[in-house]
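Structure first, then comments.
Start at 1 with the first residue, then count along the sequence.
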Amino acid sequence: MHCAITALLTAAAIAAAAPAHADLLTHVHGLAYSADGKHLLIPRHHGLAIYENGKWSKAPGPQHDYMGFSATARHIYSSGHPAAGSGLVNPFGLLRSKDGGKTWDKLGLEGESDFHVMATSWNTNAVYVWNAAPNSRMKDAGLHYTLNDGFAWKAAGVKGLEGNPSALAVHPDDPKSVAIASPNGVFASSDAGESFAKIAPTQGTAVFFDLDGKHLWYGSYDSEARLTRARLKGGPVLQFKLPPLTKDAVSFIAQNPTRRDEYAIATFNRNVYLSTDAGRTWKPIAERGEAK
C-alpha cells in the first residue's frame with residue numbers, strides 16, 4: 001500500500017512540472033476556505049486559485065509557489081518559494097497574510113526553511129510545522145509549533161508517532177490537540193505533540209479537525225481511498241462514500257466556516273470535489289487540474 005501512494009506522489013510531482021498554461025491546478029499544495037466562506041482557496045505552483053459561485057479564477061497578488069498553506073479565522077499562513085523575477089529570498093520560511101493572499105508578512109526563517117507540512121488552529125494562534133532539517137530557530141528536525149507567529153518555536157517529543165508526516169491538523173480551539181497522517185497510520189495527540197496514539201492503522205493521507213471541535217476527518221489508503229470521520233474522545237466512526245478514485249486518494253480536506261455542511265476535498269491527482277450535505281454526496285469542481 002505504501003508503494004501505491006508513493007506512486008501517487010510521484011505522479012503529482014510530474015503534474016507539477018507541467019507548463020503553467022496547461023491546467024488551472026498544476027499542483028494542489030493545500031485547501032482552505034476564506035474566513036467569510038465565500039472563497040475556496042487552492043495554492044499552486046503559480047499563485048492561488050479561487051473557486052467562488054461555481055467559477056474558478058486566479059487570485060490577485062504575487063504568483064508565488066505556496067507550500068504548507070493553511071488558514072485561520074483571521075489570517076492565512078504559508079511557506080514556499082518566490083515567483084521568478086520577484087527578487088525575494090528563497091525559500092520563504094513562514095509567511096502570514098492578513099488580506100487573503102494579496103500581500104504577505106515575513107515571520108522568520110527566510111532563506112532557511114520551506115515547510116511542506118504545516119497546519120494552523122482556526123480560532124487560536126497555533127502554527128505547527130514538520131521541519132525537514134534544523135534551522136536557526138529549530139535545533140533539530142521534526143515537529144515544532146509556535147503560539148506567537150514564529151517569534152519562538154518549541155519542539156515536540158512525538159513519542160508514539162510512526163513515520164514522517166504527510167499531513168498535519170490542529171484542533172480549531174485547543175492548540176494542544178494535533179493529528180498527523182503518515183505512511184504508518186493516523187495519529188492523534190492531546191499534549192502538543194509530546195505523545196501520539198494511533199487511531200487508524202492504514203496509511204494516512206489527509207487529516208482535518210471539524211470546526212465543531214468534536215470530530216476528526218482523515219483520508220487513508222489500503223486497497224482503495226477512504227474518507228473517515230471519527231468522534232474525538234471515543235464514539236462513532238463513520239466512513240463516507242467517495243467519488244470513484246482510480247489510483248488516487250484524498251490529500252486535503254476543508255470545511256466552509258459559514259456553511260458548515262459544506263466540505264471540499266482534493267486528491268493527489270488534482271481532482272477537487274465539493275459536498276453541500278456534510279459529505280454524503282460529492283460534486284466534481286476540478287478534474288486532473290482542469291476546471292469543471
Side-chain angles (χ1 to χ4, degrees), residues 2 5 30-32 68-73 77 79 94 113 115-135 137-221 226-238 250-255:
H2 295 175
I5 291 297
L31 188 67
F69 186 90
S70 189
T72 72
Y77 293 83
S79 191
L94 182 64
S113 292
F115 302 117
H116 286 209
V117 181
M118 181 166 73
T120 54
S121 171
W122 184 256
N123 293 316
T124 80
N125 210 29
V127 180
Y128 280 74
V129 301
W130 183 266
N131 187 34
N135 58 44
R137 298 187 186 182
M138 305 172 192
K139 67 177 183 179
D140 297 305
L143 185 65
H144 293 75
Y145 66 92
T146 178
L147 303 178
N148 52 18
D149 279 352
F151 182 77
W153 292 88
K154 184 172 182 180
V158 298
K159 181 180 179 182
L161 178 65
E162 302 169 18
N164 288 333
S166 54
L168 266 172
V170 190
H171 191 280
D173 303 302
D174 178 8
K176 291 186 176 181
S177 186
V178 190
I180 284 179
S182 89
N184 298 86
V186 178
F187 301 82
S189 171
S190 60
D191 56 8
E194 285 302 307
S195 61
F196 283 88
K198 183 182 285 190
I199 62 173
T202 55
Q203 182 170 16
T205 61
V207 279
F208 175 77
F209 281 96
D210 198 285
L211 294 178
D212 68 5
K214 299 176 181 179
H215 296 90
L216 176 71
W217 295 74
Y218 58 88
S220 60
Y221 188 91
R226 303 185 187 279
L227 178 65
T228 303
R229 188 186 70 194
R231 188 169 181 88
L232 300 176
K233 299 179 181 178
V237 176
L238 181 63
V250 177
S251 57
F252 297 101
I253 307 164
Q255 181 183 16

Option from D210, V237, L232 for which side chain to side chain contact (heavy atoms under 4.5 Å, CB included) with L216 holds:
L232
The residue among L168, V117, V129 that forms side chain to side chain contact (heavy atoms under 4.5 Å, CB included) with L143 is L168
[X] (side chain) donor-acceptor with [Y] (main chain) under 3.5 angstrom:
| X | Y | result |
| --- | --- | --- |
| S189 | S195 | yes |
| S113 | F115 | no |
| H171 | F209 | no |
| K139 | A155 | no |
| S166 | A181 | yes |
| S79 | G68 | no |
| T120 | V127 | no |
| S220 | G204 | no |

Can you name the closest pair of heavy atoms from [X] and [Y] and give their distance?
| X | Y | value |
| --- | --- | --- |
| Y218 | V207 | CB-CG1, 4.0 Å |
| P175 | D173 | CD-O, 3.5 Å |
| P172 | S121 | O-OG, 3.1 Å |
| A188 | I199 | CB-CG2, 4.2 Å |
| A73 | N123 | CB-OD1, 4.0 Å |
| A156 | A192 | CB-O, 3.5 Å |

Which word best sums up how the rings of Y128 and Y145 line up, parallel for under 30°, tilted for 30 to 60°, or perpendicular for over 60°?
parallel
d(N131 CG, M138 CE) to nearest 0.5 Å is 5.0 Å
Atom pair CG (N184) and NZ (K198), whose distance is rounded to the nearest 0.5 Å:
6.0 Å
